[in-house]
Amino acid sequence: MPVSNQQITERVFLSALYRDDYYPDHVLDLGKAILLRLCERIETEHPADLPALYALTEVATEEFNALQADFEAADSEIETVAREEIAEDFGFVADAYGFAGADVEELIAVRDW
């Protein structure tokens, strides 16, 4: 199911990372796909409250955890700049779907990067 939220369809996820050669595009594409899958799940499942949203973002965060191996294989890593960019995009997603009160740290609470 394609995402229908206009704010999301107009967003370039991980944009600052795409501008930096340290981060390989093919790995960033995988990260962007994780964020878009999160959006699809939000649109499909319609989480009623923050705990329900956090359950969905936990799954997406675990996918980013697994993506670390892809970064490392490409001589890159999820370091400070990448962590901040990923967290910002999680926050943007929450805001775009009406969860302005979401705590970004809670959105990515299970991160190990």
Side-chain angles (χ1 to χ4, degrees):
M1 172 183 125
V3 173
S4 63
N5 182 307
Q6 185 174 356
Q7 292 177 60
I8 299 298
T9 59
E10 293 175 354
R11 177 77 170 193
V12 178
F13 287 119
L14 309 175
S15 62
L17 304 183
Y18 277 104
R19 292 189 301 269
D20 188 331
D21 290 339
Y22 179 69
Y23 307 101
D25 286 356
H26 72 281
V27 180
L28 295 176
D29 291 345
L30 297 172
K32 182 171 73 173
I34 292 168
L35 291 164
L36 289 172
R37 276 194 304 278
L38 170 61
C39 295
E40 289 170 0
R41 289 195 65 197
I42 292 170
E43 290 187 14
T44 300
E45 298 180 26
H46 306 287
D49 53 20
L50 284 174
L53 176 66
Y54 293 149
L56 297 179
T57 62
E58 180 178 325
V59 172
T61 302
E62 291 287 3
E63 290 183 65
F64 269 103
N65 288 345
L67 196 58
Q68 288 185 100
D70 294 281
F71 276 100
E72 291 169 7
D75 293 324
S76 184
E77 66 179 309
I78 299 177
E79 43 68 68
T80 304
V81 172
R83 281 193 299 271
E84 290 176 5
E85 183 76 2
I86 294 165
E88 180 180 315
D89 281 340
F90 269 86
F92 179 85
V93 167
D95 288 347
Y97 287 103
F99 293 96
D103 179 340
V104 173
E105 287 302 315
E106 188 66 28
L107 291 170
I108 56 172
V110 297
R111 72 180 170 92
D112 60 8
W113 28 271

*Looking only at atom types and distance, does a side-chain atom of Y18 sit under 3.5 Å from a main-chain N or O of D29, one as donor and one as acceptor?*
yes
*Say you draw a straight line from CG of L56 to OG1 of T61; how long is it, rounded to the nearest 0.5 Å?*
10.5 Å
*Is R11 paired with E88 through a side-chain N to carboxylate O contact shorter than 4.0 Å?*
yes
Donor-acceptor pairs under 3.5 Å, side chain of residues 68-75 to any protein atom, not counting sequence neighbours: which ones?
unit_1: Q68; atom_1: NE2; unit_2: N65; atom_2: O; d: 3.3
unit_1: Q68; atom_1: NE2; unit_2: D112; atom_2: OD1; d: 2.7

_To check you understand the geometry: which heavy-atom pair defines the closest contact between I8 and C39, and what is its length?_
CG2-SG, 3.7 Å
*Nearest-0.5 Å distance, CD1 of residue I86 to CG of residue L35*: 8.0 Å
*Consider only side-chain heavy atoms of I, L, V, M, F, W and Y, link residues closer than 4.5 Å, and tell whether L28 and V81 are in one cluster.*
yes
*List the atom of L107, the atom of A94, and the distance in Å for their closest heavy-atom pair.*
CD1-CB, 3.9 Å
*asked:* Does R83 form a side chain to side chain donor-acceptor pair (under 3.5 Å) with T80? I'd like the steps, not just the answer.
replied: CA-CA 5 Å; R83 281 193 299 271; T80 304; 2.9 Å; yes
*For the atom pair CD1 (I34) and CZ (R37), what is the distance rounded to the nearest 0.5 Å?*
5.5 Å
*Say you draw a straight line from CZ of R111 to OG1 of T57; how long is it, rounded to the nearest 0.5 Å?*
12.5 Å
_Joint hydrophobic cluster, V93 plus V110, side-chain heavy atoms closer than 4.5 Å_ = no
_Just verifying a value: how many Å separate E79 CD and E84 CD, rounded to the nearest 0.5 Å?_
9.0 Å
*State, yes or no, whether a side-chain contact exists between Y22 and L17 at a heavy-atom distance under 4.5 Å.*
no
_Note, L14 side chain near Y23 side chain (heavy atom, < 4.5 Å)_ = no
_Any side-chain heavy-atom pair of L53 and I42 under 4.5 Å_ = yes
_Residue pair I108, W113: steps toward the side chain to side chain contact (heavy atoms under 4.5 Å, CB included) verdict_ = CA-CA 10 Å; I108 56 172; W113 28 271; 4.2 Å; yes
*Work out which heavy atom in Y54 is nearest to a heavy atom in D103; give both atom names and the distance.*
OH-N, 3.0 Å
_Any non-hydrogen side-chain atom of P47 less than 4.5 Å from a side-chain atom of R41?_
no
*Distance (rounded to the nearest 0.5 Å) between E10 CD and N5 CG*: 9.0 Å
*How far apart are the C-alpha atoms of D49 and F99, what are their side-chain angles, what is the distance that settles it, and do they pass the side chain to side chain contact (heavy atoms under 4.5 Å, CB included) test?*
CA-CA 8 Å; D49 53 20; F99 293 96; 5.6 Å; no
*What pair of heavy atoms forms the shortest contact from G101 to L50, and how long is it?*
O-CD1, 3.9 Å
*V59 reachable from F13 in the ILVMFWY side-chain graph, under 4.5 Å edges*: no
*Starting from the C-alpha separation in whole Å, work towards a yes-or-no answer on side chain to side chain donor-acceptor pair (under 3.5 Å) for Q7 and Y97.*
CA-CA 9 Å; Q7 292 177 60; Y97 287 103; over 6 Å; no
